[in-house]
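Worksheet: one structure, shown below.
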Amino acid sequence: MNKEWKLNASLNRVSKPARYIGGEVNSTEKLFDQTKVRFAFSYPDVYEIGMSYNGTDLIYSMINSRDDYLCERVFAPWIDMEDELRKEDLSLFSLESKTPIKEFDFLGFTLQYEMSYTNILNILDLSGLALRSKNRSEEDPVVIGGGPCAYNPEPIADFFDMFLIGDGEESILEILDLYNKVKESGGSKDDYLKKVAKIDGVYVPKFYEEIYCDSYLIGRKKLYHEASDKIKKRYVKDFNNTFYTKKPIIPNIEAVHDRVVTEIFRGCTQGCRFCQAGILYRPIRERSVDNIIGQLDQLLEESGYDEISLSSLSTCDFPKLEELIKEILKKYDDSSVTVSLPSLRMDSKSLGVLKEIESGRKGSLTFAPEAGSQRLRDIINKNITDEDIDRAINFAFQEGYSTIKLYFMIGLPLENEKDLMGIKDIAYRIKDAFFKQDVDDMQGNLKINVSASCFVPKAFTPFQWEGQDDLEALYEKANLIRASILDSKINFSYHDPKLSMLEAVVARGDRRVSYLIEKAFLLGARFDAWQETFDYDLWLRAADETSIDLAFYANRKRDFAEVLPWDFIDVGVSKKFLKREWEKAYSQTLSPDCRDICHGCGVNKNYPGVYCP
Amino acid sequence: MIYRGVFEKKGYIRLIGHLDLMKVFQRAISRAGFNLDYSEGFNPSPKLSLANPLSLGLESSYEFIEFETTEDYSPEKIKNRVNKVLPRGILIKELNYRNPNSQLSKLVYYISYEISFPPDYKYDEVRILVDKLIEKDSYPIYIKKKVKKKKTLDIPVEVRKIIDQIDLVQCGDHVKLEYLIKAKNGANLRADYLIQALSEIGGLEMDYSQLIIKRTGQYGYHKKLITSKS
């Protein structure tokens with residue numbers, strides 16, 4: 001049987017075969033051989049997850065906007081499809097033209113979460129590519145990574161040829177143009193890497209080496225004298241004049257969200273101390289209301305969707321939100337367009353906005369207090385008071401919402417038992433508020449879902465020096481909360497501490513951690529973020545066989561003088577600022593929204609934003 | 001206005017299921033600028049249906065779609081504009097105002113299929129199986145069905161009687177089985193049951209997953225194709 005018959009047979013045998021077929025509306029139909037630079041874009045999870053990521057369409061349409069460049073997609077094949085590919089000796093292929101990935105000029109991964117890394121290795125392997133870049137050949141694609149996890153690239157540095165730090169749309173065409181030029185003049189991959197390393201935001205790992213003393217990282221060494229000492233992130237300065245997707249690909253099967261997404265601003269001024277995104281995406285860059293409406297118009301027309309999502313790190317902080325919502329409701333009054341907002345603040349303004357957009361049926365309302373007590377919320381700088389919570393809850397019940405979802409973290413720095421019990425208190429307070437209503441006013445059956453994730457210290461945050469609680473402590477805390485919740489209306493669940501511990505290892509790992517990831521992959525680790533496929537024992541074995549001390553990376557408190565694996569990246573925010581915020585955390589001092597007061601994070605020096613002085 | 005259309009589903013798009021296919025049409029019609037009518041009630045759904053739903057994985061050159069719009073549009077206009085915004089492999093072949101009181105479920109008497117075998121299957125060895133099946137008046141296969149808790153029963157499924165015509169042809173480098181089934185009142189023969197029957201009758205193991213199944217026509221009492229105007 002030839003390749004096509006074999007592929008058809010495999011597709012007949014796997015679940016959700018539509019994940020691998022392409023041919024969607026607005027997907028490219030360019031011919032592979034008629035283009036000069038071919039880029040395979042990968043979100044290393046299944047199709048439905050990858051197609052729900054806003055960046056997929058952005059990078060895809062940006063590259064394809066150039067006539068002689070081609071971007072096609074490849075996602076992580078599910079377990080059954082991986083079996084088929086290996087069994088039938090079929091190499092991993094792009095969705096659009098079914099071209100083997102190995103034939104592309106670039107293979108780009110978006111690095112959205114650490115536990116997707118074994119999928120990345122699987123995609124390399126199934127494409128017939130050596131895992132480590134030093135073992136790949138001249139003809140193999142340039143393997144490039146971008147996205148939030150690229151801010152600590154070291155644990156996967158050995159697998160990549162280059163990383164793009166910062167907003168991808170700023171530099172992606174620049175690096176492809178350079179590749180085109182070098183290729184046309186007959187240059188080698190190494191020539192290209194040497195030249196591309198000069199572009200701001202580009203990091204080529206093979207030009208550097210880490211230096212260790214015993215277990216500790218003590219420095220870095222340049223192996224190529226012209227490489228930069230520091231890698232400065234790239235950012236889109238004028239958010240009103242930047243590329244945006246006009247024709248989103250319409251997935252053939254149900255993606256996680258079937259709706260139009262538009263970014264209304266990038267960055268965040270809340271300054272929550274555990275949050276990495278709040279630092280990475282500084283400073284704030286906003287779109288104007290007209291600009292947003294213009295985009296929505298085009299996107300709704302091109303997609304046929306009837307739901308809009310206004311995306312950002314903290315949508316309720318958008319100063320013109322009320323105006324924007326009013327414009328949207330006015331414009332799409334006659335059609336059945338609905339608006340959904342991601343996470344809500346609990347202040348009166350947000351609730352007012354929510355009232356405007358809510359439709360007949362009330363689903364659930366989600367809040368993220370993150371910590372159970374004001375004390376701990378002040379420590380992590382999460383600006384929510386008990387009054388805010390009460391106000392939000394009363395609003396919820398008045399409007400007819402009967403399912404409330406609450407997100408918390410356990411294992412936060414300086415956390416004590418009272419803070420944990422605070423989680424239970426909030427849940428019970430909500431229950432009481434519901435039943436305090438007059439029987440006539442009570443709507444629906446009350447359901448309170450409390451979910452606790454385990455705190456993972458991240459690079460470039462004030463808590464980057466903290467140690468994660470060990471597993472015993474995390475389980476103890478989760479069980480403490482669970483044992484204290486005895487009401488059938490309140491459901492408590494928590495994320496797997498074992499998975500969170502591994503995330504903590506990789507999130508602040510150095511290059512040596514690549515051996516752990518590689519070994520875990522070789523032992524069979526896949527889709528680690530999926531409950532059904534995560535195998536902790538496999539990772540333990542991998543750690544044992546590679547002599548990686550998990551506690552060293554996850555639980556150890558770092559010394560302030562220590563060299564951190566990501567110090568060589570300039571994120572715009574100074575280390576001094578992070579340390580100051582850490583000190584404020586320990587003295588329970590708040591840092592209010594920096595739209596109002598500047599706390600001197602330093603980003604305005606090289607990356608001025610809308611609200612910076 | 002109520003419309004009926006005939007469309008085809010060819011190539012890799014055969015791998016999306018019935019429900020996803022309905023959503024694809026719904027969005028395409030909306031994207032093309034036409035307003036679908038919705039049902040009343042708490043959870044309004046668009047008035048759109050695909051008759052005789054095709055199992056996931058099957059191609060078809062002859063499927064029916066019916067939908068209702070809030071305004072009167074020219075069927076030609078709808079067909080042309082919607083075809084421009086459908087994914088690769090789906091194409092509306094004809095579209096017309098539906099004949100009032102015409103019910104597809106009552107019109108369909110026969111459905112034709114073809115099964116393509118990969119080149120590994122030789123004409124002669126498959127021919128023997130087909131001939132053996134044709135000879136019989138009746139040929140049941142047995143399917144395991146879960147009855148209660150842990151009990152499974154072998155349920156007989158009649159394969160021969162529902163076939164009106166069947167033939168094997170050589171098509172380039174591979175063979176194709178063409179057959180017509182009696183589909184009155186929603187009767188159907190699953191392709192995998194037919195393959196199981198052929199496998200059993202001649203003792204030749206056939207791997208169903210290697211085959212490409214295609215529905216090729218839907219016919220009325222006189223074995224004439226049912227159209228969008230029927």
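Side-chain atoms are counted along with the backbone in the values below, which use heavy atoms only and exclude waters and symmetry mates. The sequence lines fix the lettering, A, B, ..., with proteins before strands; numbering per chain opens at 1.
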* Listed by chain and number, what are the salt bridge (charged side-chain N to carboxylate O under 4.0 Å, His left out) partners of Glu94(B), not counting sequence neighbours? -> none
* For the residue pair Tyr305(A) and Arg31(B), establish whether any side-chain heavy-atom pair is separated by less than 4.5 Å. => no
* **Proximal component of Phe117(B), with respect to chain A [non-hydrogen, under 4.5 Å]** => backbone
* Are Lys16(A) and Asp20(B) close enough for a salt bridge, meaning some N to O gap below 4.0 Å? -> no
* Give, as side chain, backbone, both or neither, the part of Lys98(A) having an atom under 4.5 angstrom from any heavy atom of chain B. => side chain
* Taking side chain as C-beta onward, heavy atoms only, is Ser209(B) less than 4.5 Å from Asn8(A)? -> no
* Flag yes if more than 12 heavy atoms outside Glu532(A) fall under 6.0 Å of its CD atom; otherwise flag no. => yes
* Kindly state each residue pair satisfying salt bridge (charged side-chain N to carboxylate O under 4.0 Å, His left out) with at least one member in residues 19-34 of chain A, sequence neighbours excluded. => Arg19(A)-Glu48(A), Glu24(A)-Arg73(A), Glu29(A)-Arg88(B)
* Asked: Taking only heavy atoms into account, what residues of residues 78-96 of chain A are found under 4.5 Å from chain B?
  -> Glu96(A)
* Asked: If you look at every heavy atom in Pro87(B) and Gly23(A), which pair is closest and at what distance?
  -> CB-O, 3.4 Å
* To do: Taking atom NZ of Lys84(B) as the centre, report whether more than 12 heavy atoms of other residues, nucleotides or ligands fall under 6.0 Å from it.
  => no
* Asked: Just wondering, are more than 12 heavy atoms of other shown residues or ligands nearer than 6.0 Å to NZ in Lys47(B)?
  -> yes
* Structure fact -> Residues passing the side-chain hydrogen bond (donor to acceptor under 3.5 Å, both in side chains) test with Asp131(B), sequence neighbours excluded, are Arg127(B)
* Asked: What part of Asp207(B) gets closer than 4.5 Å to chain A, counting heavy atoms only: side chain, backbone, both or neither?
  -> side chain
* **Pair Leu11(A)-Tyr12(B), side chain to side chain contact (heavy atoms under 4.5 Å, CB included): steps then yes or no** => CA-CA 9 Å; Leu11(A) 289 172; Tyr12(B) 288 113; 3.7 Å; yes
* Asked: Can you tell me how far the CD1 atom of Ile212(B) sits from the CH2 atom of Trp5(A), to the nearest 0.5 Å?
  -> 5.5 Å
* Taking everything shown except Asp72(B) itself, do over 12 heavy atoms lie less than 6.0 Å from its CG? -> yes
* Side chain, backbone, both or neither: which part of Leu211(B) has a non-hydrogen atom closer than 4.5 Å to chain A? -> backbone
* Which atom names give the shortest non-hydrogen contact between Gln210(B) and Ala9(A), and what distance separates them? -> CA-CB, 3.9 Å
* To do: Any chance you could measure Ile13(B), atom CD1, to Asn252(A), atom CG, to the nearest 0.5 Å?
  => 3.5 Å
* To do: Could you grab the distance from atom CD1 of Ile21(A) to atom CD1 of Ile16(B), nearest 0.5 Å is fine?
  => 6.5 Å
* **Part of Leu7(A) lying under 4.5 Å from any heavy atom of chain B** => side chain
* Asked: Do you know which of Arg14(B), Lys23(B), Gln26(B) has the most heavy-atom pairs with chain A at a distance under 4.5 angstrom?
  -> Arg14(B)
* Is it the case that more than 12 heavy atoms not belonging to Asn445(A) sit under 6.0 Å from its CG atom? -> no
* To do: Please say whether more than 12 non-hydrogen atoms of neighbouring residues, nucleotides or ligands are located less than 6.0 Å from CD in Glu158(B).
  => yes
* To do: Examine whether an atom of Ile29(B) lies under 4.5 Å from a heavy atom of chain A, and if so say whether it belongs to the side chain, the backbone or both; otherwise answer neither.
  => neither
* Hey, are the side chains of Ile250(A) and Val24(B) touching, using non-hydrogen atoms and a 4.5 Å cut-off? -> no
